[in-house]
Number of protein chains: 2
Amino acid sequence: MAVKAQVLYDFTAEPGNNELTVQEGEILTLTNQSIGSGWVEARNSRGNVGLVPEDYIEVKTILIISFVFVISLLYLEHIAINGNEAWTDFDIHRSLVFQSVILLLSVMVILCHMAVGSVYSFDEEWDDDSDDGKSTGGYGGSQAEEGGTMQRGGAHSTMKLSLNKFPGFSKTPNPEVYLLTKHISKGDDRLPIYMGEVGPVWLYPQIQLDCVVADPKKGSKMYGLKSYIEYQITPNTTNRPVNHRYKHFDWLYERLVEKFACALPIPCLPDKQVTGRFEEEFIKMRMERLQGWMSRMCRHPVISNSDVFQLFLNYRDEKEWKLGKRKAEKDEIVGVKIFSNIDPELPELDPAQVEQKYEMYSQFTRSMDNSVKELLAVGHLHWKRCTGPLQKEYRQIGKAFQNLSSVFNTSAYPREYTLKEALTATGKTYEEIAEIVAGQPKKDLHFLMETNHEYKGLLGCFPDTIAVHKAAIDKVKEADHLVVMNKISQQDKLIMEKNLSTMSYALQAEMNHFHSNRIYDYNRLVQFYLEEQVKFYETVSDGILYLF
Amino acid sequence: MAVKAQVLYDFTAEPGNNELTVQEGEILTLTNQSIGSGWVEARNSRGNVGLVPEDYIEVKTILIISFVFVISLLYLEHIAINGNEAWTDFDIHRSLVFQSVILLLSVMVILCHMAVGSVYSFDEEWDDDSDDGKSTGGYGGSQAEEGGTMQRGGAHSTMKLSLNKFPGFSKTPNPEVYLLTKHISKGDDRLPIYMGEVGPVWLYPQIQLDCVVADPKKGSKMYGLKSYIEYQITPNTTNRPVNHRYKHFDWLYERLVEKFACALPIPCLPDKQVTGRFEEEFIKMRMERLQGWMSRMCRHPVISNSDVFQLFLNYRDEKEWKLGKRKAEKDEIVGVKIFSNIDPELPELDPAQVEQKYEMYSQFTRSMDNSVKELLAVGHLHWKRCTGPLQKEYRQIGKAFQNLSSVFNTSAYPREYTLKEALTATGKTYEEIAEIVAGQPKKDLHFLMETNHEYKGLLGCFPDTIAVHKAAIDKVKEADHLVVMNKISQQDKLIMEKNLSTMSYALQAEMNHFHSNRIYDYNRLVQFYLEEQVKFYETVSDGILYLF
């Protein structure tokens, strides 16, 4: 079967590396999926063949199956919702048949994933929902008709199946429901915003939550037929470790998206971005990225303080976990409703000010997204050069010196020894330099790339989050007209403007949180990168000096 | 006009650099000769187009014209020699017509050369023989019938015209003339060989001759129609500068080849190897290489002590120079006859020993030639990487950091300053690193490449020189048979063996000279290269450290 794939992002081939330049939207035929190291070989419509990063494409077979899967799910939900009555036995039977179909399709999806490469060997985790089957209905359900929920259930599944890295709202949630309601924030759920030194800020806890993700252990179930990895997460508050599988992280992610994504960008879990040829490398990489994701979530005052996040880190036993899960899945304050918990103790902003802030943030996140991608692209290029041609070249230099030494050794000239030894030592040093050069990206570029990768993911969430605000601004702009048309009252309009102001404060607090994190992260990144670079240059120069 | 070119040496394209892999002997069509930097664009017979180094090809039009030129010259000489009588007016007239034709052809050659690239802009020097016209008859003439002269006259002209770097004997000089003669070395011309610590060695002078080639000055003649460069050469013996044009060096080279090349490899003058886009760069490069060539000649005890070399360095006025030139051109001790001056004060070697030494040297010079070419190839590759993709990549890294800094500058977040400054400084440092990286080859690789280039040229002369010895060995092997056939006497055979032994001592002395120079040169090369490399790594790491 000729496997087709769609290109997700533009990719410019580096000359001389057998790569293929592709453009977003282009359809490729995969000619070799077992290249490894995150690359596949593909042919474009013009018949050119070359390597393309796995992350940059979306395998079509999977897309189609995913589509069927989502349709099936939606149909199941349709039965559940529109049935509008106690399920008959027939309904249950029908539902079971559908569930079987879904299971079958899921297996096919896994097989397809496996065909793409060993990196997906742990993706079985997501479909292993035997103990969570009931919770699948958790999204979509009753909240859908209110129009305020993030329509992410299906979209998110698609996202995972399609290897897409960014959550995309199937359509921007309608903020109208929230805008027109006069809310009184309840005690515990209240999310205050204060005026800090840098502008509106969330309420930060006295002690910042953090956790350590460690000790991945392989477990199995169904008599060893299915295996999974369990990670140990230890929060700094209780210092008591809890165990979670990847699918639990994924469940948490889904809850956070449902609840907060209209106000806070929730970065995707590390997933298909992770490439690694071997199981151990894959697990290590995933763990490292889960750690990064959890640390980022811990640092967020709103997320870290939420019930669902606290449950994830602090549950004491299986019972508490299961109960907490049910409760979280039934949470009604999701989607745009989250804004009703927000309580800025600050003067109301007028819509013009709101729009100005909106434009600024929108522009900034777009620009930063471009810059981050630029840095990733050149980092990627440099990584490949260091581990590819540059390593090869230093090895060749080393070899050439050593060959010259070997030839000199055959001269039978009695004063050869010192030069011969010097040339051999130089040759060996350059062979060592080759390995140092090739090993360097893991030491310095790795952290730079990981941080920027994280930011790329985070920045990819902003457009969706910011779009909610844009929709709200547009609604408020319509308000005058609606008042004239007698569709809403003047009072409604004032409520809308107040609520828009609240939303704007939420965005400002979030942007300030983002900025403060960004400054911390990039300071660390630059510092670390430069330190490692200095170490590199000093190591090489010491290596050469040793020859004297 | 489609300009055709023949490939002189195999060239393997580096992937991704638009280069074309070509093989010795292949015919190419030049599609763009104005690429510059020593490259031309060419199409092979399979229709592939790519860049090829200028040095690696021989433009056919030039070859054809050169051929006509040489034929004309030879015809002119034929008239001069075979006329065997005072020239009639008609002869003179005929000669003038021919000279005009030659002049016209020369102009065409220059034009062709110019079309190939500006690097040949000084090649007019070789055809400017108006003040040396008579001396052209110096080779070929009366010595030819003796069979002992190097048949280099025509071959050498062709060599220059064809951009060929190595002198090639049109056929190996026949050592028979020398082998059968019982020589008595004359006083002044005697070239003694002693047993040194390392084996047979030439007699080295107390003070080693050296000279400085400097101060290139542009001169012109024929009312400014022709321009040339004159170099100032100052020997350490007299400390009195003499002036010489490139064509004088070439004249010296021809004399040295005629006189010594059967016994000593005489490396070619720097010529078409020199590439440089601009006149100044070209002159500087040629001067540097003339300096290298002169120093190598000065270091040679036999060459530096020869009349012709001493004349070149020490002539006092135009008259002395002209007289010396005539004398040198009339020198009869040329070709294999040089061996009759050699006087090894050492026990005679038997032919088996001679052959064993021959095999060893032959093998060694071949192996070293391969190793030197390997080092040159990887050096060339590395040079291109440093000044090409690597420089570009560091610039991109620098740019990416600075772009990120610019984006951060637009955040309107009050705590931006330090990070923004750090990112800008980092970006600028990487842009500086880009320039350091690109400038580095000129600092370290240049000397490594130049030295190896020189050795490549020198090693390229060995096969011809060694072939003379091989021919002598073969002659002596035939001697037994010739004695039986009564073609030579037993006494002749013994003389042949003694003379073969003398030749072998000359080769041994020369190899020991080569080895001692090689060890000196390569020790210096490794030392210098490593020192410059350390400087490079320290400069970069200091540059980064400066950021902290």
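Not measured: the values here are computed from a predicted model. Proteins get letters first, then strands, A, B, ... in listed order; numbering begins at 1 in each.
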Taking side chain as everything from C-beta outward and backbone as N, CA, C, O, which of these in [X] sits under 4.5 Å from a heavy atom of chain B? Side chain, backbone, both or neither.
X      : value
A:M360 : side chain
A:Y430 : side chain
A:L448 : side chain
A:N370 : neither
A:A377 : neither
A:T410 : both
A:Q527 : both
A:F401 : both
A:S516 : both

Rounded to the nearest 0.5 Å, what separates atom [atom1] in [X] from atom [atom2] in [Y]?
X      : Y      : atom1 : atom2 : answer
A:I519 : B:K420 : CD1   : NZ    : 11.5 Å
A:L545 : B:E531 : CG    : CD    : 9.5 Å
A:N452 : B:L404 : CG    : CG    : 7.0 Å
A:R385 : B:L390 : CZ    : CG    : 6.5 Å
A:N403 : B:L375 : CG    : CG    : 9.5 Å
B:I544 : A:E538 : CD1   : CD    : 9.5 Å

Let's test your reading of the structure: which of [options] forms the most heavy-atom pairs below 4.5 Å with chain B?
options                        : result
A:R518, A:K535, A:Q363, A:M368 : A:R518
A:I397, A:L423, A:T426         : A:I397
A:S371, A:S367, A:G379         : A:S371
A:S406, A:S411, A:A412         : A:S411

> Of all of B:T429, B:N523, B:V198, which one pairs up most often with chain A through heavy atoms under 4.5 Å apart?
Replying inline: B:V198

> Taking B:V378, B:D542, B:T539, B:L525 one by one, which has the highest count of heavy-atom pairs under 4.5 Å against chain A?
Replying inline: B:V378

> Should the pair A:F408 and B:Y522 be assigned to parallel (<30°), tilted (30 to 60°) or perpendicular (>60°) ring geometry?
Replying inline: perpendicular

> Do the ring planes of B:Y537 and A:Y537 sit parallel (below 30°), tilted (30 to 60°) or perpendicular (above 60°)?
Replying inline: tilted

>> Quick one, A:Y394 with B:H382, criterion side-chain contact (heavy atoms from CB on, under 4.5 Å). Give me CA distance, side-chain angles, the key distance, then yes/no.
In response: CA-CA 8 Å; A:Y394 280 114; B:H382 194 57; 3.7 Å; yes

>> Counting neighbours of OH on A:Y546 that are heavy atoms of other residues, nucleotides or ligands and sit closer than 6.0 Å, is the number greater than 12?
In response: no

>> Tell me if the CD atom of B:Q353 is crowded by more than 12 foreign heavy atoms within 6.0 Å.
In response: yes

>> Go through it in stages, so that I can follow the logic: the residues are B:E374 and A:K399, the test is salt bridge (charged side-chain N to carboxylate O under 4.0 Å, His left out), and I'd like the CA-CA distance, side-chain angles, deciding distance and then a yes or no.
In response: CA-CA 9 Å; B:E374 185 193 352; A:K399 204 87 204 130; over 6 Å; no

>> Determine whether A:L547 and B:V526 satisfy the following criterion, side-chain contact (heavy atoms from CB on, under 4.5 Å), listing intermediate values before the conclusion.
In response: CA-CA 10 Å; A:L547 290 169; B:V526 174; over 6 Å; no

> Would B:R415 and A:E197 count as a side-chain contact (heavy atoms from CB on, under 4.5 Å) if you check the C-alpha gap in whole Å, the side-chain angles of each, and the deciding distance to 0.1 Å?
Replying inline: CA-CA 10 Å; B:R415 292 174 186 169; A:E197 278 175 46; 2.9 Å; yes

